[in-house]
Number of protein chains: 2
Amino acid sequence: MRISTRGEYGVRAMFHLTLHYGKGPIPVRTIAEQQGIPEYYLEQLIGALRRAGLVTSIRGAQGGYTLAHPPEDITVGDVIRVLEGPITPMECLDKAGAETECGVLGPCAMRKMWQRLKDSMERVLDTTTLASLVQESLFCEEEPV
Amino acid sequence: MRISTRGEYGVRAMFHLTLHYGKGPIPVRTIAEQQGIPEYYLEQLIGALRRAGLVTSIRGAQGGYTLAHPPEDITVGDVIRVLEGPITPMECLDKAGAETECGVLGPCAMRKMWQRLKDSMERVLDTTTLASLVQESLFCEEEPV
DNA sequence: GGTAATTCCCATGGATTTAGTCGGAATTAG
DNA sequence: CTAATTCCGACTAAATCCATGGGAATTACC
């Protein structure tokens with residue numbers, strides 16, 4: 001039940017882009033250095049975020065990445081889904097016709113519990129936007145990086 | 001963000017033991033057959049549940065396993081923690097002095113969000129007991145196995 | 001036009017975790 | 001004694017995680 005470094009690094013990178021939203025593209029290297037993320041690894045992750053349409057890339061010198069949408073319109077759930085796959089504790093919950101596929105998982109009470117778990121996870125991740133994350137960080141002692 | 005087969009099989013096995021609670025020990029093979037779980041693998045998992053004190057074993061012929069406590073006193077969270085480790089989306093949330101260790105994870109807003117996620121997951125898993133699971137399954141069309 | 005910066009794409013590799021098997025010793029009911 | 005069963009540890013195969021690195025394409029700037 002863990003978020004891997006893919007999700008963690010991805011959210012941190014998006015957080016970073018939010019802090020500098022509207023000030024032009026930020027190169028991967030800068031994000032990596034300031035957030036303490038391995039550069040080549042982050043490049044790989046941000047490529048996925050680009051293909052998913054969450055960030056926009058600008059190639060060449062002075063290039064880099066920017067958020068593809070305003071921070072209010074991107075949720076942490078969006079980021080996690082791209083980098084970690086569907087947010088679901090049990091694979092079968094996400095498939096059509098899973099009732100038959102799961103077969104032995106059978107007893108619907110268990111299925112309902114997994115569904116409740118899934119719902120509660122999504123409720124948190126889908127209601128937290130990048131904007132609200134930055135907003136919240138303003139009330140912290142720490143300096144946002 | 002998935003529960004692995006360890007947790008899934010473990011919950012199914014405990015569910016099975018709950019259905020037969022008070023009727024003497026159930027051998028691993030029986031659970032495995034009726035729940036469609038690889039026998040040797042389940043043996044390994046149930047050994048962990050025994051060492052954690054969630055089930056009691058009775059060796060020898062006519063032996064097997066029983067719940068170590070009434071089904072009302074065992075939660076799904078208990079089972080998951082034994083087989084999957086701590087229920088936490090981010091490792092650092094579970095350590096003492098993590099504020100300093102996490103270092104670059106820095107901005108507390110992210111930490112708070114992970115904490116909210118963790119809390120919401122635990123709320124579901126720790127309020128679902130084996131007894132409530134079986135109770136709920138009585139209102140389903142399916143036959144409990 | 002040349003050069004440096006930067007994205008983009010792909011291939012590789014080690015470490016860890018997951019999933020599942022197996023063989024055999026110890027224990028116990030009948 | 002025998003059959004059933006737990007108990008224990010070793011083993012393998014596959015997947016996933018966490019990177020690292022090379023080279024091509026694109027672009028700003030002088």
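Residue numbering restarts at 1 for every chain, and letters A, B, ... go by the order of the sequence lines. FYI, side chains are in, hydrogens and waters are out, and symmetry mates aren't considered; it's all heavy atoms of this structure. Please read these numbers as outputs of a predicted model, since none were measured by experiment.
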| query | Among C/dT21, D/dG21, C/dT6, which is the nearest nucleotide to the side chain of A/Tyr40? | reply | D/dG21

| query | So which heavy atom on B/Phe15 is nearest to which on B/Leu130, and how close? | reply | N-CD2, 4.4 Å

| Considering only side-chain heavy atoms of B/Ala61, which listed nucleotide, D/dC29, D/dA19, C/dA29, is closest? | C/dA29

| query | Looking at B/Val124 and A/Met113, what are the two nearest heavy atoms and their distance? | reply | CG1-O, 4.3 Å

| Pick the nucleotide of DNA chain C nearest each of A/Gly63 and A/Arg51; which residue has the one closer to the 5' end? | A/Gly63

| Exam field: side chain B/Gln35 to backbone B/Ala13, donor-acceptor pair closer than 3.5 Å | no

| query | Considering only heavy atoms and no angle criterion, is a donor-acceptor pair shorter than 3.5 Å present between the side chain of A/Glu43 and the base of C/dC9? | reply | yes

| message | Over all strands shown, is A/Arg6 touching base, sugar-phosphate only, or nothing at heavy-atom distances under 4.0 angstrom? | response | sugar-phosphate

| field | Rounded distance in Å - CD (A/Gln62) to P (C/dT3) | value | 18 Å

| Within the pair B/Ser4 and C/dT17, is there a side-chain N or O less than 4.0 Å away from OP1 or OP2? | no

| request: Nearest whole angstrom, please: distance from the P of C/dT18 to the CG of B/Leu45. | output: 11 Å

| note | To the nearest angstrom, the CZ-C1' distance between B/Arg2 and C/dA19 comes to 15 Å

| said: Under 4.0 Å from OP1 or OP2 of C/dA19: is there any side-chain N or O of B/Thr5 that close? | reply: yes

| Atom-pair distance (CD1 on B/Ile3; P on C/dT18), nearest Å | 11 Å

| field | Touch class at under 4.0 angstrom, heavy-atom based, for B/Ile46 against every strand present | value | nothing

| query | Is a donor-acceptor pair below 3.5 Å formed from side chain A/Arg59 to base C/dT7, judging by atom type as modelled? | reply | yes

| Rounded to whole angstrom units, what separation is found between the CD atom of B/Glu84 and the C1' atom of C/dT16? | 15 Å

| Is any side-chain nitrogen or oxygen of A/Tyr9 closer than 4.0 Å to OP1 or OP2 of D/dA19? | yes

| said: I'd like to know if A/Glu8 and A/Arg2 make a salt bridge, using a cut-off of under 4.0 Å between side-chain N and carboxylate O. | reply: no

| task | Taking only Lys NZ, Arg NE, NH1 and NH2, and the carboxylate oxygens of Asp or Glu, determine whether B/Asp126 and B/Arg81 approach each other closer than 4.0 Å. | result | yes

| request: In whole angstrom, give the distance that lies between atom CD1 of A/Ile26 and atom P of C/dA5. | output: 18 Å

| Per B/Tyr41 side chain, nearest of listed nucleotides C/dA19, D/dA19, C/dA29 | C/dA19

| query | Rounding to a whole Å, what distance do you find between B/Tyr65:OH and D/dA4:P? | reply | 18 Å

| request: Take atom CD of B/Gln44 and atom P of D/dT6, then tell me their distance rounded to the nearest Å. | output: 15 Å

| task | Identify, between A/Glu39 and A/Ile58, the residue whose nearest nucleotide on DNA chain D lies closer to the 5' end. | result | A/Glu39

